[in-house]
Asks: 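Before anything else, here's the structure in question.
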Amino acid sequence: LGEGEMARATVLFPETENEVFVTWEAGKEYKEIAEVLIEKPDAPWMTNQGIGIGTTLEELVKINGKDFKFAGFEWDYSGFTNDWQGGKINENLVVFLEPSDPAKVYPDLLGDELFLSNHPKAKAAELKVRTIIIRFE
């Protein structure tokens, strides 16, 4: 899960493009879902708004209806975002972004810091979704 955290999980469709990880609420394993994680590069899964693996930064901004914040790169939570700035994307949807052109994130978009999606380096790096997490509360 990051930074040494662990949770019980079930893997659906293992080692296929449809692979999905379901993590369970602590103490309620196999009864109450905590999160669903999707990260296979060719995963066909999409949200009802059309967000899937490979969705571009520009598409996310369009779907959200406004710019949003994401974490810098080169640490455990590289490209993490769930700060949709009050836009149309549900706050329980978390995505991790990755650059199509990694050299373009240097040196401006690094580390445990938040950046706006309209940052010129974010556009130049051609960010896209590499992981989707749906949180249940």
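Any value given below was found using the heavy atoms of this structure, including those in side chains, with hydrogens, waters and symmetry copies removed.
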Asks: Please name the pair of heavy atoms, one in S117 and one in A122, separated by the smallest distance, quoted to 0.1 Å.
Replies: O-CB, 4.0 Å
Asks: Taking C-beta and beyond as the side chain, do S100 and K128 meet within less than 4.5 Å on heavy atoms?
Replies: yes
Asks: Are any side-chain N or O atoms of W24 and backbone N or O atoms of A34, one a donor and one an acceptor, separated by less than 3.5 Å?
Replies: no
Asks: When you compare the side chain of F96 with that of S78, does any pair of heavy atoms fall below 4.5 Å?
Replies: no
Asks: Shortest non-hydrogen contact from Y77 to A71?
Replies: O-CB, 3.6 Å
Asks: So, for L60 and I89, which heavy atoms are closest and what is the spacing to 0.1 Å?
Replies: O-CD1, 3.9 Å
Asks: Apply side-chain contact (heavy atoms from CB on, under 4.5 Å) to L127 and F73, showing your working.
Replies: CA-CA 11 Å; L127 300 181; F73 297 92; 3.6 Å; yes
Asks: Got a donor-acceptor contact below 3.5 angstrom from the D83 side chain to the K69 backbone?
Replies: no
Asks: Got a second to check how far R135's CZ is from I33's CD1, nearest 0.5 Å?
Replies: 15.0 Å
Asks: Is there a side-chain contact between N18 and L12 in this structure, where contact means two heavy atoms from C-beta onward sitting under 4.5 Å apart?
Replies: no
Asks: Starting at OG1 of T47, measure out to CG of N90 and round the result to the nearest 0.5 Å.
Replies: 9.5 Å
Asks: Are the side chains of N92 and F136 in touch, meaning some heavy atoms are under 4.5 Å apart?
Replies: no
Asks: Going from CD on E58 to CD on E126, what distance comes out if it is rounded to the nearest 0.5 angstrom?
Replies: 8.0 Å
Asks: State yes or no: do V22 and V95 share one hydrophobic cluster built from I, L, V, M, F, W and Y residues joined by side-chain heavy-atom distances below 4.5 Å, directly or via other members?
Replies: yes
Asks: Considering non-hydrogen atoms only, spot the tightest contact between W84 and N64 and give its length.
Replies: O-ND2, 2.9 Å
Asks: Could you give the distance from CZ (F70) to CG (L57), rounded to the nearest 0.5 Å?
Replies: 7.0 Å
Asks: Can you establish whether the number of heavy atoms outside Q85 located under 6.0 Å from its atom CD is more than 12?
Replies: yes
Asks: With a cut-off of 6.0 Å (strictly less than), are more than 12 heavy atoms of other residues, nucleotides or ligands near NZ of K121?
Replies: yes
Asks: Give, for atom CG of D67 and atom CG of N118, the distance between the pair rounded to the nearest 0.5 Å.
Replies: 4.0 Å
Asks: Of the non-hydrogen atoms in E74 and Y106, which two are nearest, and what is the gap between them?
Replies: OE2-OH, 2.6 Å
Asks: Give a yes or no answer on whether the side chain of E32 reaches the backbone of G27 with a donor-acceptor pair at less than 3.5 Å.
Replies: no
Asks: Determine the minimum heavy-atom distance between R130 and L97, stating which atoms define it.
Replies: NE-O, 4.0 Å
Asks: Do L93 and I132 make a side-chain contact, defined as non-hydrogen atoms from C-beta onward lying under 4.5 Å apart?
Replies: yes
Asks: Same cluster or not: are I53 and L37 linked, directly or through other Ile, Leu, Val, Met, Phe, Trp or Tyr residues, by side-chain heavy atoms under 4.5 angstrom apart?
Replies: no
Asks: Scan side-chain atoms only and decide if T16 and E19 contain a donor-acceptor pair under the 3.5 Å cut-off.
Replies: no
Asks: Is it possible for you to say whether W45 and V94 belong to one hydrophobic cluster, with membership spreading through side-chain heavy-atom contacts below 4.5 Å?
Replies: no
Asks: If we ignore hydrogens and angles and just use 3.5 Å, is the side chain of T55 paired with the main-chain N or O of V129 as donor and acceptor?
Replies: no
Asks: Using a strict 4.0 Å threshold on nitrogen-to-oxygen distance, state whether K40 and E17 make a salt bridge.
Replies: no
Asks: Same hydrophobic cluster for I63 and I133, using side-chain heavy-atom links shorter than 4.5 Å among ILVMFWY?
Replies: no
Asks: Dump the intermediate steps for side-chain contact (heavy atoms from CB on, under 4.5 Å) on F21 and T10, then the final yes or no.
Replies: CA-CA 6 Å; F21 294 89; T10 299; over 6 Å; no
Asks: Is there a continuous path of hydrophobic side-chain contacts, each under 4.5 Å between heavy atoms, that joins V36 to I51?
Replies: yes
